[in-house]
Amino acid sequence: TKRIKTLSLSCPIIYGNTARLLTAEERASPSLQNSNHTHKWTVFVHHPTLDDTLLTPYIKKVTFKLHDTYNNSNRVIEQLPFEVTETGWGEFDIVIRIHLCPELGEKANLTITHRLQLHPYGSQVLPPGEDKEKQIIRSVQYEEIVFNEPTEVMFERVTKR
Ligand code: SLL
């Protein structure tokens, strides 16, 4: 495969999680009433603009390795959006593996560890009297996947859209 020596391409992403407390109705629902779950959360990989189709030329699938307390803890997401929504009670490290499209000629997959955040801290802590039930926690990071000396195949794929 021919590579373009003078070029570098970068694919920006954001990754992380949102979380909120379960509502009283959710806690009373058949699937949750016998659990000690307190929160609903989503872990994700998105394009910073939230137009995730911009990720399609680069990313084939994303796997999220959850805590072993979860059933089927290695979640494989092969379609947009690259995200997993779950309920639970505890914070833990999620290993996010970004599998690049094989045609790009890049061997390495990208591995990121994200600490699931359920509880507010610092400036996120609400003043007394404010409604904690409605608060949405966000823990989000920005990252760029950089491709030095991209293959011609990749250059065409990224520019011809
Ligand atoms: C802790 N080290 O002890 C962490 C582990 C695991 C959280 C947190 C699973 C719920 C379920 C869940 O919330 N696990 O499978 O029912 O805080």
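Just so you know, ligand 1 is whichever comes first in the structure, and atom 1 is the first atom listed for that ligand.
Of all atoms in ligand 1, numbered sequentially from 1 with element shown, those under 4.0 Å from a heavy atom of Gly88 are 13 (O).
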| task | Might you work through the side-chain contact (heavy atoms from CB on, under 4.5 Å) test for Phe44 and Thr18, ending with a clear yes or no? | result | CA-CA 9 Å; Phe44 58 81; Thr18 57; 4.2 Å; yes
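Among the candidates Trp89, Phe64, Phe92, the single residue satisfying the ring pair (Phe, Tyr, Trp, His ring centres under 6.0 Å) test with Tyr70 is Phe92.
The single protein non-hydrogen atom nearest to atom 11 (C) of ligand 1 is His37 NE2, 3.2 Å, given as residue, atom name and distance. Residue, atom and distance of the protein heavy atom nearest to atom 4 (C) of ligand 1 are Glu91 O, 3.4 Å. Closest protein heavy atom to atom 14 (N) of ligand 1: Thr69 OG1, 3.0 Å. Of the protein's non-hydrogen atoms, the one nearest atom 17 (O) of ligand 1 is Trp89 CZ3, 3.7 Å.
Remark: the Asp52 side chain and the His46 side chain contain an N/O donor-acceptor pair separated by less than 3.5 Å.
At a threshold of 4.5 Å between non-hydrogen side-chain atoms, the residues Val62 and Ile96 count as touching.
With atom 6 (C) of ligand 1 as the reference point, the heavy atom nearest to it among His39, His67, Glu86 is part of His67.
Clustering ILVMFWY residues whenever any of their side-chain heavy atoms sit less than 4.5 angstrom apart, transitively, puts Ile112 in the very cluster that holds Ile77.
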